*Asks:* 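Structure incoming, see below.
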Amino acid sequence: MKKYIFVTGGVCSSLGKGVTATSIGNLLENRGLGIRMIKIDPYLNVDAGTMSPYQHGEVYVTDDGTEADLDLGNYARFTKAPLSRLNSITTGQIYQEVIKKEREGQYLGRTVQVIPHITDEIKKRIFLASDGEDVDVTIIEVGGTVGDIESIPFLEAARQFIHDLGKENVLFVHLTLIPEVAGGELKTKPTQHSVNKLREIGIQPDILVCRSPEFLEKEMISKISLFTNVEENSIISAYDVKTSVYEIPLIFHAQNLDNIILDKLKLSGSKCNLKEWSDIVEVLKTADKTTNIGIVGKYINLNDSYKSIYESVYHGGIANNTKINFIKIDAEELDKTEDIKSIFKNIDGILIPGGFGQRGINGMVKAAQFARENTIPYFGICLGMQIMVIEYARNILGLKSANSTEFAPETKDPVISLLEEQKGLRNMGGTMRLGKSKSILVPGTLIHKAYGKTEIWERHRHRYEVSSDYIEELKKSGMIIGGYTQNNNLVESVEWSNHPWSIGVQFHPEFKSTPVNPHPLFIDFVEASISYASN
Ligand code: GLN
């Protein structure tokens, strides 16, 4: 019998439900179980594709081109569970499907209601994602906070799992906050209230994961247990870790969480071996050097906007035994500064991540020029690669108005533009190059060296391309094309000649990097930044 673990959250948002869910996945995988991860987002958007990175953080892209919540990135970094459109469920998708069926007459004239039609559709989607012989446990993270109107249909569907499958096959893990009030006292009341909220809808949590500044003392755990009816050994202290979220599986294991889950679900697992994982944390803690990486972008103020980028640079740091210090530079501000030199004074490597829209573009072009002229390692991802081409065309080819038609539709020199067949298409979503595709790398280039092979598969999420009209000219004047798409020779990667390390890629390598398997481009970028620093 397949098992299901629902992870809910109480008290407030941003407590780390995604990291909790994926750390449980990590431990269960470690015990030899086959897992799947699902994120439920209780908003009406059909997917995260149109959501602002400012409000919602990064949009994570899977191989099949699904634009999903950034928690899928957490799943990808902590577990080996495959991710596709099946693993991201939103209220919008569920209602869209139910309404479609209603229009097609599939409900045979019955009144269509939240219970059972919406809840049945939710259950169907969960079963679909947990299909497959290799799947033992499916972990479902229910977004939002218990008590929100939006999540009620999902929690009701979750409650029905116990009714449908039996208690021994379903587990509820509830994440709450134990805040510290003035005087340093820890308070359990918000936890009691949020557990009550869950009970009101018929769900008794089996395990509580309590976020708190410090490890919870025995006395505190007894009190929480008394008020919530959760066994003392099943109250896990998710105290604030000092170094990295990658410590979480370790601190959960130290509190026996994997055994508790196996016991409750009547599963047996292999021995736990967290050596690889604790080695990673060890490097993060003890590396004796620090590399300063400048990120120039327009969503600098919200850490989550470039989540996978930051994580991937950390992974590159782990591979090179260095700590990473990020210097976050607002591209718009950079455009206004005269003294660009002082901003980049202590920076060992510059990374320009992906982005949409005109704001901050000139600041990014300035950063690219500075990196090129001062031989600072430069890594451009998607928009960051387009910026490299725009800068080169302006300053080396002398095409002063070189631009992308995304930012200047009427420009004389559209070095980045839509493909002929995309022009005139009105539906924005339809024109986007999304998901996994094959690129062919050019031997002798830095990118080829990084991958050590010619054929690569990476994920895309962009609309504009390097215009074929300018490729010859760019090449003649010293821009190196490092890779092309397999089918139609679109530019996938560029480099500057006479520069120690510069790579721009049209795809998103950050979605495939993990702490255990750092992505080669991030490894080489950090390595180049270390050698730049030591010169
Ligand atoms: N805005 C650019 C495009 O659509 C780059 C997209 C990105 O960086 N993800 O092509």
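Quick caveat, the model's predicted, so the values are computed rather than measured. Order of appearance sets the numbers: ligands from 1, and atoms from 1 within every ligand. The basis for the numbers below is simple: all heavy atoms, side chains too, and nothing from hydrogens, waters or symmetry mates.
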*Asks:* Is it true that, when you exclude D134 itself, more than 12 heavy atoms of the residues, nucleotides or ligands shown sit nearer than 6.0 Å to its CG?
*Replies:* yes
*Asks:* Flag the pair Y43 / H56 as yes when their ring centroid distance falls below 6.0 Å, and as no otherwise.
*Replies:* yes
*Asks:* Listing by chain and number, which residues have a heavy atom under 4.0 Å from ligand 1?
*Replies:* G354, G355, F356, C382, L383, Q386, E406, R461, H462, R463, Y464, H508
*Asks:* Can I get a per-line list of side-chain donor-acceptor pairs under 3.5 Å for residues 443-452, giving both atom names and the distance, sequence neighbours left out?
*Replies:*
| from | atom 1 | to | atom 2 | distance (Å) |
| --- | --- | --- | --- | --- |
| T445 | OG1 | V442 | O | 2.6 |
| T445 | OG1 | H448 | N | 3.2 |
| H448 | NE2 | T454 | OG1 | 3.4 |
| Y451 | OH | E458 | OE2 | 2.6 |
| Y451 | OH | H519 | NE2 | 3.4 |

*Asks:* By the salt bridge (Lys or Arg N to Asp or Glu O under 4.0 Å) test, which pairs, at least two apart or in different chains, include something from residues 403-417?
*Replies:* none
*Asks:* Salt bridge between E473 and K476, side-chain N to carboxylate O under 4.0 Å?
*Replies:* no
*Asks:* Under the side chain to side chain donor-acceptor pair (under 3.5 Å) definition, can you give me all pairs with a residue in residues 521-535, not counting sequence neighbours?
*Replies:* none
